[in-house]
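Below you'll find the structure, written out as structure tokens, and then a few comments.
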Amino acid sequence: MKITIVGSGYVGLVTGACLAEVGNQVLCLDVDQSKIDILNGGGIPIHEPGLLEMVRRNRAAGRIAFTTDTAQAVAWGEVQFIAVGTPPDEDGSADLKYVTAAARNIGRHMDGFKIVVDKSTVPVGTADKVRAAISEELARRGSKIDFTVVSNPEFLKEGVAIEDFMRPDRIVIGATDDSHGQRACQVMRTLYAPFQRNHERMLFMDVRSAELTKYAANAMLATRISFMNELANLAERLGADIELVRRGIGSDPRIGYDFLYPGAGYGGSCFPKDVQALARTSETAGVPSRILEAVEAANEEQKRVLARKVTGFYGADLSGRTFALWGLSFKPNTDDMREAPSRVLIRSLLMAGASIQAHDPVAMDEARRVIGLDLQDRPELIAQLRYCEQAEDALQGADALIIITEWKTFRSPDFVLVKERLKDGLIIDGRNLYDPTVVAGAGLRYAPIGRPGNP
Ligand SMILES: NC(=O)c1ccc[n+]([C@@H]2O[C@H](COP(=O)([O-])OP(=O)(O)OC[C@H]3O[C@@H](n4cnc5c(N)ncnc54)[C@H](O)[C@@H]3O)[C@@H](O)[C@H]2O)c1
């Protein structure tokens, strides 16, 4: 099938590559010329395990191509996936300007029936706006071409995006209850057939329910995290061990083990903005959500937990102190720095006078870019932040090590070397990676989240 993907970021590129991998002919559009240049040069603009090889393979086979030419992209596929960003607006609601621009472009250039698929995470009612934008453009041209808008939210997780797309838990399709909607459901069934050979994973529903499903999923997961973070803070105060509590509740099948890890707060391109957007939607609809407001507030607070631990040890003035920082991306296996808790920590340590020696296996280039932007108001602080190619180099001469992203390579460090290199022999662990007794056995001090350590 000929498919167009509008927006070649984390979601668009993975979607395009996976659809090409099973034999479709995919044309990916982006407005960002530099991204398209990288893709046409045989690279990819993001870090996602397995994606580079998949894109290269399918590009070589002629099944995937990249362009900035909107007219060509609209003409290409009967199915047009919209996978552009939906960042938060000033009040936290989803900013739909990229989605409506993409829709307008489709309306401006389409010359035959199109199935327009909203894959971006968009608030309830967006399909109506996409439909209106396309209709307006068609009316401007005096054209009467049929089309339909489908909601097909994406549930992939960065870091395991290909696996998630290839073996999805579910494929949600929201379509209208008319002949065009039915045709779209048929096409979606054919398109997704290779991804559900083992058993049926498609859930067909009305468009609004599909749109809400995506927000409900992310909000539920974010709620679990914020709840565990609050419990961890309580456990710490009460002298209980959150890790044991986690196991104790996770064994209940109604609760389960997933998404029960306390830490330094959730980040990334989805949870923060989706929780906020759903909260704004609820408010606007006259059904304000106390839970979502609390989830967001608890997370903002949790992003400061590591800085609080640091000042607990060293006081508010950190001049002359140096901290090794392991991990910068918002989670492992990605270079995505959007809303990463590391950004909050770095800013507050630098503002308090500290120096930082940071290491991340893949996100350092992206970190340089975004932290440069974060510190535009205090550019003199940038000199206090040094990036180290090796994790061990970051330890040299530092007072303490702070862990903020749970990359696998941090899980089993050489504790003897860590002790040798750290002046204070202190690990502040924002991801509870280690067994406190092992760390203590190595003669190190240990401050995890919600667990008794030996600080
Ligand atoms: N990243 C994730 O893990 C994830 C998972 C599920 C859903 N989502 C949702 O998917 C959507 C996209 O997220 P992302 O992380 O891929 O964003 P992204 O920022 O990585 O990619 C979006 C791309 O769209 C391009 N773009 C913007 N306007 C355009 C236009 N008019 N025409 C063509 N291209 C245009 C941008 O240049 C950018 O490359 C968001 O709504 C997000 O919430 C993201």
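Please read these numbers as outputs of a predicted model, since none were measured by experiment. We're numbering straight along the sequence, starting at 1. In what follows, every heavy atom counts, from backbone to side chain, and hydrogens, waters and symmetry copies are set aside. Both counts, for ligands and for their atoms, begin at 1 and track the order of listing.
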- Using a strict cut-off of less than 4.0 Å between a Lys/Arg side-chain nitrogen and an Asp/Glu carboxylate oxygen, indicate whether Asp336 and Arg338 qualify as a salt bridge. yes
- Message: Strictly below 4.0 Å, N to O, side chains only: are Arg280 and Glu283 in salt-bridge contact?
- Response: yes
- Item | Check ion pair Arg141-Glu137 (N to O, under 4.0 angstrom) | no
- Item | Nearest atoms (heavy-atom pairs only) where Gly9 meets Asp30 | N-OD2, 4.2 Å
- Query: Would Glu339 and Lys273 pass as an ion pair if we require N to O under 4.0 Å?
  - Reply: no
Can you pull every nitrogen or oxygen pair between ligand 1 and the protein closer than 3.5 angstrom?
from, atom 1, to, atom 2, distance (Å)
ligand 1, 1 (N), Glu158, OE2, 2.7
ligand 1, 1 (N), Ser269, OG, 3.3
ligand 1, 3 (O), Glu158, OE2, 3.2
ligand 1, 15 (O), Arg338, NH2, 2.9
ligand 1, 16 (O), Tyr10, N, 3.1
ligand 1, 16 (O), Val11, N, 2.8
ligand 1, 19 (O), Arg338, NH1, 3.4
ligand 1, 20 (O), Tyr10, N, 3.2
ligand 1, 37 (O), Asp30, OD1, 2.6
ligand 1, 39 (O), Asp30, OD1, 3.3
ligand 1, 39 (O), Asp30, OD2, 2.6
ligand 1, 39 (O), Lys35, NZ, 2.7
ligand 1, 41 (O), Thr86, OG1, 2.6
ligand 1, 41 (O), Thr121, N, 2.9
ligand 1, 43 (O), Thr121, OG1, 3.3
ligand 1, 43 (O), Lys273, NZ, 2.6

- Query: Where do Arg290 and Glu293 land on the salt bridge (Lys or Arg N to Asp or Glu O under 4.0 Å) test, with the steps shown first?
  - Reply: CA-CA 5 Å; Arg290 293 196 190 113; Glu293 302 289 350; over 6 Å; no
